[in-house]
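See below for the structure under consideration.
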Protein chains: 2
Amino acid sequence: MDISDTSTLVSADALEARLREIGAERYHHHHRFHKLLHGGELTRGQIQAWALNRYYYQCSIPVKDAHVLAKFRDREVRREWIHRITDHDGEPGGEGGIDRWLRLTDFLGLDRDYVESTEGILPATRFAVDAYVNFVRDRSPLEAVASSLTELFAPTIHEQRIAGFLANYDFFTDEMLAYFRKRLTQAPRDANFALRFVRENAGTEPKREAVCRALLFKTDVLWVQLDALEHAYIEGHVPPGAFTPDNVQ
Amino acid sequence: MDISDTSTLVSADALEARLREIGAERYHHHHRFHKLLHGGELTRGQIQAWALNRYYYQCSIPVKDAHVLAKFRDREVRREWIHRITDHDGEPGGEGGIDRWLRLTDFLGLDRDYVESTEGILPATRFAVDAYVNFVRDRSPLEAVASSLTELFAPTIHEQRIAGFLANYDFFTDEMLAYFRKRLTQAPRDANFALRFVRENAGTEPKREAVCRALLFKTDVLWVQLDALEHAYIEGHVPPGAFTPDNVQ
């Protein structure tokens with residue numbers, strides 16, 4: 001099947017089936033970097049590079065979701081969506097997903113100021129994540145919601161990650177994995193709302209096609225980040241100015 | 001020297017010296033992909049991938065320059081800058097840089113509709129080039145002009161390319177290289193104007209620092225594109241959905 005063939009998107013069920021096919025074929029659980037990461041094949045320095053770069057994605061998500069909120073005049077959608085921002089930012093004085101990610105980078109031995117500065121990330125990470133934020137800002141409400149649908153496929157990868165980290169690396173502890181455990185319940189709730197939304201609001205074939213293209217775009221955003229990590233830290237082509245682990249080997 | 005150390009940008013001369021250092025250290029003439037490309041080490045399929053991806057950069061330049069024009073209320077700057085758009089777009093009925101690039105992709109055996117659709121480019125190419133266009137749209141007029149300063153370093157690479165292509169590949173002819181020959185005279189004229197502009201308009205250290213950061217950003221935009229080509233077409237990790245040459249080997 002050609003995943004970009006959208007000629008058969010005749011109904012909401014056909015749309016959902018295609019979205020699930022796109023996930024099965026294109027989601028980054030297939031990427032070689034994740035197989036190495038979860039399989040215990042990486043050094044601590046390579047995992048530092050992954051966590052450091054991924055921080056830029058994490059800290060951009062609430063900005064992305066603020067753009068989603070700003071697209072909706074419909075208060076009901078905003079009321080459903082706003083918890084995504086607090087999930088990551090936390091309540092005042094409380095802890096959110098970004099704090100949990102920073103605990104992970106702390107445990108991995110990265111300086112917190114350095115992580116938060118995002119100075120050492122790969123330019124490719126910045127360009128890909130910014131592309132995602134801009135896509136959500138610039139496209140239709142339907143496409144903005146649809147681009148979040150990778151959450152449908154996240155629980156499996158989080159489960160693999162938790163199990164793989166604990167089984168295959170002696171420096172991972174349960175405490176370091178709080179971010180991923182939390183996402184096991186957050187992601188499905190969010191994904192189900194977004195899936196219902198696109199089923200109900202993509203009422204024509206061109207709209208269903210736009211939904212599929214938004215999800216394909218998002219899988220590219222995720223894939224590019226792993227390609228860049230693999231190129232820099234597995235194949236050893238760290239671009240000028242980017243983070244260099246002390247202990248790659 | 002730390003290229004990002006901007007503590008000594010006390011004058012226009014110091015700024016120009018630093019800009020030239022950034023070029024000497026960070027411009028993509030150092031990239032391994034260019035060494036392979038110019039040295040005759042690539043297959044025709046790998047060169048197709050390069051020309052196909054680079055087309056997205058080429059066709060985005062006039063849009064980028066339209067954003068520059070739109071930033072200036074000063075008519076004199078617009079009068080100086082506008083020829084950059086016609087250099088690439090051509091006059092009505094005439095030929096511009098984009099046509100010359102398409103002649104190159106024609107000669108390389110790529111379908112013109114496919115090239116112009118940009119469907120087969122690497123997502124990393126799209127994200128990097130879009131980041132450049134957005135940078136120019138969203139930043140100050142000074143930073144927008146400064147990000148064009150890679151043109152200062154372009155003539156050397158174009159000369160190496162023309163000589164390398166003709167010497168090292170039997171399928172390159174002089175006619176295919178019209179784009180690069182033309183840039184040998186266009187780029188220095190443009191770069192000299194932009195250099196004079198930043199020398200005269202970056203009157204404080206923070207402004208001179210912003211100029212340097214804009215040029216560093218732009219070198220990242222160029223570097224990322226070659227990293228992505230190397231990863232996909234030299235190391236063989238073509239991401240899902242991207243162009244696959246018939247004849248990589």
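Computation of the quantities below employed the complete heavy-atom set of this structure, encompassing side-chain atoms and omitting hydrogens, waters and symmetry-equivalent molecules. All chains are named by letter (A, B, ...) in the order of the sequence lines, taking the proteins before the strands, and each is independently numbered beginning at 1.
Residues B:H237 and A:H31 fail the side-chain proximity criterion, which asks for heavy atoms closer than 4.5 Å. Here the side chains of B:P239 and A:D220 are not in contact, with every heavy-atom distance at 4.5 Å or above.
Your options are A:A131, A:G241, A:P240, and the one with the most heavy-atom pairs under 4.5 Å with chain B is A:P240. Residue with the most contacts toward chain B among A:T219, A:D130, A:V221: A:V221 (heavy-atom pairs, distance under 4.5 Å).
Sorted by first and then second residue, the salt bridge (Lys or Arg N to Asp or Glu O under 4.0 Å) pairs involving residues 134-148 of chain B (not counting sequence neighbours) are B:R139-B:E143.
The structure places NE2 of B:H231 at 3.5 Å from CD of A:E230, a figure rounded to the nearest 0.5 Å.
Below 4.5 Å, heavy atoms of chain A meet heavy atoms from B:P123, B:A124, B:F127, B:A128, all part of residues 118-129 of chain B.
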